A.B. asks: 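Encoded as structure tokens, here's the structure I'll be asking about.
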Amino acid sequence: MQNLSKPRLHIPVPAARPGDTPDFSRLEIPEAGSVRRPDTASDPAEMRDLAYDLIRVLDFDHRAVGPWDPRLDPETLRRALRLMVLDRAFEERMHQAQRQGKTSFFMRGLGEEAIGIAHAMALSDEDMCFTSYRQQGLLIARGCPLIDMMNQVYNNAADKLHGLQVPLHYSFPEFGYFAMSGNLATQVPQAVGWAMAAAYSGDDRIAATFLGDGATAEGDFYTGLLFASVYRAPVIISVSNNQWAISCFAGIAGGERTTFAARGVGVGLPSLRVDGNDFLAVYAAVQWAAERARSNHGATLIEFVTYRAHGHSTSDDPTRYRPADEFAAWPLGDPLQRLKGHLVALDEWSEERHQAYEQEAKDEVRALQREAEAIGTLHTGTKPSARAMFDHVFEESDWRHRRQRQEMGI
Amino acid sequence: MQNLSKPRLHIPVPAARPGDTPDFSRLEIPEAGSVRRPDTASDPAEMRDLAYDLIRVLDFDHRAVGPWDPRLDPETLRRALRLMVLDRAFEERMHQAQRQGKTSFFMRGLGEEAIGIAHAMALSDEDMCFTSYRQQGLLIARGCPLIDMMNQVYNNAADKLHGLQVPLHYSFPEFGYFAMSGNLATQVPQAVGWAMAAAYSGDDRIAATFLGDGATAEGDFYTGLLFASVYRAPVIISVSNNQWAISCFAGIAGGERTTFAARGVGVGLPSLRVDGNDFLAVYAAVQWAAERARSNHGATLIEFVTYRAHGHSTSDDPTRYRPADEFAAWPLGDPLQRLKGHLVALDEWSEERHQAYEQEAKDEVRALQREAEAIGTLHTGTKPSARAMFDHVFEESDWRHRRQRQEMGI
Amino acid sequence: MANMNMIQALNSAMDVMIERDPKVLVFGEDAGYFGGVFRVTDGLQKKHGMTRCFDTPISEGGIVAAGIGMAVYGLRPVLEIQFVDYIFPAYDQLVSEAAKIRWRSAGGYTVPITVRTPYGGGIFGGQTHSQSPESLFTHIAGLKTVIPSTPYDAKGLLISAIEMNDPVIFLEPKRLYNGPFNGHHDQPVVPWSKHPASDVPEGYYTIPLGKAATVREGDAVTVLCYGTMVHVAVTAAEESGIDAEVIDLRTLVPLDLEAIVASVKKTGRCLVVHEAPETSGYGAELATLVQKHCFYHLEAPVERVCGYDTPYPHAFEWDYFIGPDRVAAGMRLTLER
Amino acid sequence: MANMNMIQALNSAMDVMIERDPKVLVFGEDAGYFGGVFRVTDGLQKKHGMTRCFDTPISEGGIVAAGIGMAVYGLRPVLEIQFVDYIFPAYDQLVSEAAKIRWRSAGGYTVPITVRTPYGGGIFGGQTHSQSPESLFTHIAGLKTVIPSTPYDAKGLLISAIEMNDPVIFLEPKRLYNGPFNGHHDQPVVPWSKHPASDVPEGYYTIPLGKAATVREGDAVTVLCYGTMVHVAVTAAEESGIDAEVIDLRTLVPLDLEAIVASVKKTGRCLVVHEAPETSGYGAELATLVQKHCFYHLEAPVERVCGYDTPYPHAFEWDYFIGPDRVAAGMRLTLER
Ligand SMILES: Cc1ncc(C[n+]2csc(CCOP(=O)(O)OP(=O)(O)O)c2C)c(N)n1
Ligand SMILES: Cc1ncc(C[n+]2csc(CCOP(=O)(O)OP(=O)(O)O)c2C)c(N)n1
Ligand SMILES: [Mg+2]
Ligand SMILES: [Mg+2]
């Protein structure tokens with residue numbers, strides 16, 4: 001059968017499709033605590049192995065083990081857990097609001113909450129974040145008022161973006177949160193540019209940027225990695241490998257042949273691969289990369305292995321392309337439950353306190369939601385003025401904008 | 001001095017600028033024959049080390065040593081040497097012709113001739129090549145009539161591209177030479193697409209594509225590597241790292257932190273790093289990658305370490321940005337002299353035969369040049385019809401082209 | 001004959017061509033197993049196999065570049081760009097490569113690719129799911145640009161595009177996928193089934209590129225439009241009682257100049273309508289050609305009703321989107337003088 | 001005052017701004033140590049230091065993206081794209097990002113970058129060193145487009161662009177770098193020193209964006225042009241004896257519509273000239289605006305003399321490049337009627 005050895009076009013296929021039993025056997029999971037933690041000043045060439053390993057702190061018995069344990073005090077851990085609960089409650093409500101027709105579109109980070117929140121906690125509030133759409137928790141953790149986020153989602157009269165942007169495409173300069181782009185990966189080289197500017201200015205703030213496994217296929221991702229490497233920019237490039245890009249499994253993005261962390265190895269950057277559902281591991285990795293960046297050792301690429309527990313967006317039905325029970329079978333579990341389990345094991349938290357706080361969070365979100373809806377939703381209540389669309393094209397709008405505004409009668 | 005540890009913008013700087021003594025101490029040169037040669041069916045994950053090593057066959061005593069020695073018979077070696085001499089003579093003459101104002105522009109591959117010629121000899125003539133502008137030897141080795149190349153350089157009446165294209169932006173379908181683009185790196189993902197099409201069609205031809213160290217910074221390079229990895233395309237991606245990109249040393253392209261071969265490791269491709277001035281090493285590496293591709297093991301990235309001995313193009317004066325004597329100090333020498341030395345050491349060639357053939361080559365080129373110039377040069381003799389510019393926009397030109405052609409009176 | 005909406009008609013065109021020609025294959029982001037976020041390639045992978053319709057990495061540049069390489073090999077790839085708003089990472093491969101390869105090889109290599117991509121507003125998609133960048137392609141020598149407005153045209157034009165030996169940008173008015181939207185967002189959605197152009201042959205047929213269609217005859221003013229605006233313009237004529245002649249260009253390049261000139265010489269007035277921002281939109285080219293070729297027949301300046309010179313706003317969908325009233329007002333402008 | 005050619009004037013503008021404002025920095029391919037392939041950034045690194053003017057990887061997308069990030073931080077980067085023909089890998093960052101960041105953040109973030117890049121023909125550069133893609137930028141809401149035609153304007157406009165709080169595409173007519181080329185390639189090259197606009201202040205000064213310059217007054221026909229074509233048009237007027245009014249737009253966006261309308265209302269005739277291919281070139285926007293705002297004053301259709309709708313051919317430089325004769329023929333066309 002000489003033909004067998006002939007080149008054939010290879011199309012990557014996921015382990016399981018609807019109807020199949022979930023299968024994550026391709027994912028190798030080392031013991032928690034088994035991965036070494038090099039000094040933050042070490043040479044990238046000496047730590048390529050970390051791109052092919054998986055940094056884990058929380059073991060399956062809820063213990064924090066190994067060199068990457070950030071040794072956070074219980075109060076800090078409780079704060080992280082509360083933020084995850086609050087984030088989840090917020091996204092849950094906004095998702096329902098979309099279902100009720102109160103806005104056009106929404107996206108959730110269900111199952112990935114540890115990533116955004118751990119970044120917010122491990123970075124300084126002055127560090128600049130260029131995110132994708134699954135780090136709303138980062139904004140919440142930095143203290144952005146939920147009502148401001150809701151008003152944007154509803155595009156109501158209090159929306160700080162005046163109704164111009166699609167829901168959750170937030171922009172909050174006061175919280176170091178860059179105006180999110182709808183165009184995947186464009187933020188990566190921009191974040192690197194921001195970090196170059198900080199270094200140019202002798203400022204010790206750093207930048208962090210986020211993208212998904214699928215988005216790593218864009219040329220902009222490579223461009224960002226390359227510029228970060230060439231100019232030794234103080235930036236952290238975080239890839240949330242949540243296994244899916246809408247309907248395409250990570251293999252379509254090049255995850256079949258090697259890890260996403262390996263992309264960093266390709267340009268000589270230190271590259272870590274981390275259990276993204278392990279709050280402590282995420283925190284420790286970000287802390288390590290931030291220390292490197294702040295002490296002039298440049299950029300780090302981090303791949304966070306996680307799972308997109310929900311549909312891609314409110315426009316998506318994941319049961320069409322993956323087993324409905326895949327999340328249940330996900331070996332790295334639920335980041336919220338894992339952190340909760342750890343706190344409970346430490347005797348620093350309890351089922352009762354958890355339920356009480358969940359209720360509290362739900363109530364807070366519901367109250368704020370009522371407040372926001374009292375102002376308006378996409379199709380009801382008070383709206384911003386359409387004038388905004390002309391006012392922000394340029395610092396000074398030109399005659400075309402004045403003429404067109406008049407034509408619109410505003 | 002806390003400031004010292006603060007992030008500072010790092011701008012890569014070459015080891016030597018005009019006035020300095022050339023310094024290649026950054027380049028580590030292992031013993032010829034010291035690098036292992038894995039089976040062509042091996043797993044890329046098992047050979048990452050090859051991306052950080054340097055495959056060499058010819059040692060400094062002109063001996064061919066080690067597992068990568070392709071064991072070519074003397075006649076084949078003589079053919080390679082003659083082709084290098086002929087290529088060099090051709091480029092030398094066309095360069096002079098440009099200096100004499102017979103065309104607008106020209107580029108040479110001086111010092112890099114082994115690469116294009118070894119590819120032509122190690123690949124099958126049916127394999128498709130998507131080159132840059134420094135592989136004219138590939139075309140010569142495939143038997144493209146020099147006069148056809150000269151007519152294109154002169155844009156005369158016999159130019160098969162009818163004067164549309166800039167000199168040496170050749171297109172020779174009959175020699176598997178794709179229409180060269182002036183836009184760097186665009187050919188890389190195109191070559192991958194061609195290879196995907198061959199695999200799709202159950203054809204066992206493969207593709208080869210070429211770019212420089214500088215061009216690897218373009219997103220298209222990464223895109224090509226990624227698609228090659230995802231679809232396991234039968235393609236060879238060859239990077240000529242000739243140390244310079246016009247005035248920028250390879251460090252500006254990301255060569256300071258790791259090798260260019262490492263880019264392939266980043267996407268899980270087998271990646272070789274090869275002495276590009278060692279004809280035997282180049283031949284062996286291409287042969288190895290071709291065997292992989294043809295037996296459905298997919299793509300290979302190869303970095304060829306070489307040196308751009310001449311200016312970037314006829315518009316460039318390299319003495320403005322690098323030491324004038326840098327090539328003399330280049331530790332990997334001149335590929336032509338090294339192959340010649342090997343043949344002489346084998347007693348299969350001699351100084352006399354060499355000088356005789358050099359003369360023969362010069363005479364052949366000069367004779368053909370006279371023939372070409374008898375037809376015309378850019379500003380003299382018979383030219384193609386400007387009609388061509390309208391005839392090749394679409395298969396059927398539309399009313400605009402007919403109108404504009406008439407307006408031009410042709 | 002079968003009754004099809006535009007999604008089904010486009011799907012049928014690809015189904016027919018994959019069946020007829022082994023050189024035809026389809027790929028794009030989520031276009032394989034899932035069948036595309038708008039379901040336009042639904043079922044093609046299941047029916048024709050993995051390599052005839054497959055998923056790609058999220059790299060528009062890679063999709064187009066791979067398509068070019070395949071076309072150079074001799075295949076006829078049909079590429080899907082999920083939203084035209086995301087085509088710009090591929091712009092260099094389209095403008096510097098696909099458009100110029102035939103030319104720079106003096107015909108030695110050709111690039112028969114078809115780039116299918118949804119464009120236009122009306123779906124609350126905001127700035128990155130609503131754009132109409134057609135004039136960024138019409139300016140490029142070597143690219144053809146096609147925009148259908150009905151299921152029947154969509155299938156016939158797509159088959160012609162796939163068979164064309166030059167690169168074609170095939171813009172699909174996403175607001176028309178499920179019905180002939182007339183701009184009245186406050187009225188119940190009308191499905192294609194009620195529209196005559198939803199009767200579509202199941203098999204192979206073509207509609208030549210470069211031929212416009214007069215979708216409404218009239219004497220008062222010529223309205224030049226394409227895609228979603230065709231239905232808005234016809235509605236504007238009906239509702240305003242202005243006897244407009246509505247011409248659906250169907251192909252922007254090559255352009256059916258004859259049909260345009262004949263109509264304007266008849267009506268003496270002309271309005272151009274498109275969703276794209278006005279400045280340097282395709283309407284500028286149309287207006288310039290009309291004033292040149294019909295100068296002595298024009299009784300009023302050629303008017304434009306276009307998108308505003310701003311990005312596409314999310315909350316102000318119906319302020320930005322051009323409805324029948326704005327089109328009617330534009331017609332009146334041409335009549336006032 | 002000093003005598004400068006356009007290269008020196010542009011260099012001086014950057015030198016002055018790097019000196020004045022620590023937020024200004026310059027980078028691009030070969031722009032650092034070497035000073036650029038056209039020497040426009042020559043000496044800036046030596047004089048101001050490594051980080052004020054440096055080399056970049058060959059990644060136009062990266063140059064623009066890094067510039068955007070720096071601008072968001074608060075700097076004012078001046079980016080060099082070696083040839084505008086190579087700007088397309090950066091097109092997405094320009095169109096989807098630089099142009100829209102102010103808007104999508106409702107003014108929360110701004111992008112004060114200046115993208116300098118040589119454009120245009122006349123140097124035997126062939127298809128990838130001769131293009132004029134200005135209309136691919138004028139269509140994009142959020143981008144300003146500037147094209148100088150003299151050393152004096154070049155410096156004043158570049159300083160204005162650098163100080164502008166919005167992204168500016170600054171297109172440099174490379175054929176004018178060393179002298180005011182009038183289209184007569186067969187005549188000896190005239191250096192700038194013989195041209196009054198080569199007297200350039202050594203220090204800081206600005207020329208406001210959005211103001212056209214009437215470089216030749218006349219009554220017969222208004223010629224709208226920019227960049228290299230300004231000198232060709234003036235020569236055409238002198239040589240043909242046609243009393244043309246030649247307007248140098250200098251800024252395409254924002255456009256000085258008032259100056260255009262005033263002139264055309266005076267002359268009653270209008271010719272648009274540009275090097276870019278005709279279809280969907282910026283001339284279409286100009287002609288459309290003129291026929292709308294001057295309809296009752298126009299005695300002939302607005303004519304266009306533009307590049308052909310083909311890529312730029314190498315051997316046929318002087319067949320493609322627009323010389324005084326073609327411009328004069330265009331003027332006559334408007335006069336014949
Ligand atoms: C340039 C570009 N191409 C395509 C899209 C459409 N799109 C939006 S999200 C998405 C999938 C992204 O997957 P991934 O990067 O893995 O992120 P995740 O949604 O899994 O967090 C796609 C294809 C886009 N927004 N931008
Ligand atoms: C997209 C693009 N950007 C810039 C250029 C201008 N340019 C032509 S060759 C060159 C240097 C290329 O260096 P390298 O890739 O190392 O190839 P080498 O000339 O050394 O063989 C540059 C910047 C181009 N042709 N295309
Ligand atoms: Mg994902
Ligand atoms: Mg090089």
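Lettering follows sequence order; numbering is per chain, from 1. Bear in mind that the values here come from a model prediction, so they are computed numbers and not experimental data.
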A.B. asks: Between B:Phe394 and chain C, which part of the residue has a heavy atom less than 4.5 Å away: side chain, backbone, both or neither?
C.D. replies: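 Both parts, heavy atoms under 4.5 Å.
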A.B. asks: Measure distances from B:Leu226 to the heavy atoms of chain C and classify the residue's part below 4.5 Å as side chain, backbone, both or neither.
C.D. replies: side chain
A.B. asks: Please classify the contact of B:Met128 with chain C as side chain, backbone, both or neither, using a heavy-atom distance under 4.5 Å.
C.D. replies: side chain
A.B. asks: I'd like to verify something: which residue of B:Ser171, B:Gly219, B:Ala233, B:Gly224 has the highest number of heavy-atom pairs under 4.5 Å with chain C?
C.D. replies: B:Ser171
A.B. asks: Go through the steps for C:Tyr73 and B:Arg205 under the test side-chain contact (heavy atoms from CB on, under 4.5 Å), then give the verdict.
C.D. replies: CA-CA 11 Å; C:Tyr73 178 91; B:Arg205 289 178 298 161; 3.4 Å; yes
A.B. asks: Can B:Ser181 and C:Arg104 be said to form a side-chain contact (heavy atoms from CB on, under 4.5 Å), step by step?
C.D. replies: CA-CA 8 Å; B:Ser181 177; C:Arg104 76 180 192 230; 3.4 Å; yes
A.B. asks: Work out which heavy atom in C:Ile63 is nearest to a heavy atom in B:Phe227; give both atom names and the distance.
C.D. replies: N-CZ, 3.7 Å
A.B. asks: Measure B:Asp391 against the heavy atoms of chain C and call it side chain, backbone, both or neither at under 4.5 Å.
C.D. replies: neither
A.B. asks: Given that the side chain runs from C-beta out, which part of B:Val393 has a heavy atom under 4.5 Å from chain C: side chain, backbone, both or neither?
C.D. replies: both
A.B. asks: Please classify the contact between C:Ile140 and chain B as side chain, backbone, both or neither, with a heavy-atom cut-off of under 4.5 Å.
C.D. replies: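 For C:Ile140, neither part sits under 4.5 Å from chain B.
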A.B. asks: What's the spacing between C:Lys100 NZ and B:Leu164 CG if we round to 0.5 Å?
C.D. replies: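 Here the interatomic distance stands at 12.5 Å.
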A.B. asks: As an exercise, state the distance from CD of B:Gln190 to CE of C:Met70, rounded to the nearest 0.5 Å.
C.D. replies: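 So the CD of B:Gln190 and the CE of C:Met70 are separated by 12.5 Å.
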A.B. asks: Using the rule given for side-chain contact (heavy atoms from CB on, under 4.5 Å), can you reason through C:Val253 versus B:Arg400, listing the C-alpha separation, both sets of side-chain angles and the distance that settles it, and then say yes or no?
C.D. replies: CA-CA 10 Å; C:Val253 175; B:Arg400 297 172 303 168; 3.6 Å; yes
A.B. asks: What part of C:Asp256 gets closer than 4.5 Å to chain B, counting heavy atoms only: side chain, backbone, both or neither?
C.D. replies: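 The answer is neither part of C:Asp256.
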A.B. asks: Please report the shortest heavy-atom distance between C:Leu75 and B:Ala197, naming the atom on each side.
C.D. replies: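 Looking at all heavy atoms of both residues, the shortest contact is CD1-CB, 3.5 Å.
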A.B. asks: Report yes if the distance between the aromatic ring centroids of C:Phe54 and B:Tyr231 is under 6.0 Å, otherwise no.
C.D. replies: yes
A.B. asks: Do B:Thr186 and C:Gln93 pass the side-chain contact (heavy atoms from CB on, under 4.5 Å) test, and can you show the C-alpha distance, the side-chain angles, and the key distance before you say yes or no?
C.D. replies: CA-CA 7 Å; B:Thr186 52; C:Gln93 283 284 345; 3.6 Å; yes
A.B. asks: Between B:Trp399 (side chain only) and C:Leu255 (backbone N and O only), is there a donor and an acceptor less than 3.5 Å apart?
C.D. replies: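 Side chain of B:Trp399 to backbone of C:Leu255, a donor-acceptor pair under 3.5 Å: yes, one is there.
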A.B. asks: Are the side chain of C:Asp166 and the backbone N or O of B:Glu395 linked by a donor-acceptor pair below 3.5 Å?
C.D. replies: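 At least one qualifying donor-acceptor pair exists.
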A.B. asks: Select, from C:Ala106, C:Gly142, C:Ser105, the one with the greatest count of heavy-atom pairs under 4.5 Å involving chain B.
C.D. replies: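 So the answer, after comparing C:Ala106, C:Gly142, C:Ser105, is C:Ala106.
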A.B. asks: At their closest point, which heavy atom of C:Tyr109 faces which heavy atom of B:Ala179, and how far apart are they?
C.D. replies: CE1-N, 3.5 Å
A.B. asks: Chain C: which of B:Gly182, B:Ala207, B:Ser201 shares the most heavy-atom pairs with it under 4.5 Å?
C.D. replies: B:Ser201
A.B. asks: To the nearest 0.5 Å, how far apart are CG in B:Leu184 and OG in C:Ser96?
C.D. replies: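 Reported value, rounded in 0.5 Å steps: 11.0 Å.
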A.B. asks: Please report the interatomic distance CD1(C:Ile101) to NE2(B:His392), rounded to the nearest 0.5 Å.
C.D. replies: 15.0 Å
A.B. asks: With a 4.5 Å cut-off on heavy-atom pairs, point out which of C:Ala65, C:Pro22, C:Pro167, C:Ala141 contacts chain B the most.
C.D. replies: C:Ala65
A.B. asks: Using modelled atom types and a 3.5 Å cut-off, is there a donor and acceptor pairing between side-chain atoms of B:Trp194 and backbone atoms of C:Val72?
C.D. replies: no
A.B. asks: How about CD on B:Glu407, more than 12 heavy atoms from neighbouring residues, nucleotides or ligands closer than 6.0 Å, or not?
C.D. replies: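 Correct, the count exceeds 12.
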A.B. asks: Which atoms of C:Thr56 come close to chain B, meaning under 4.5 Å heavy atom to heavy atom: side chain ones, backbone ones, both, or neither?
C.D. replies: both
A.B. asks: Could you have a look at B:Met389, B:Gln187, B:Glu174 and say which one has the most heavy-atom pairs with chain C under 4.5 angstrom?
C.D. replies: B:Met389
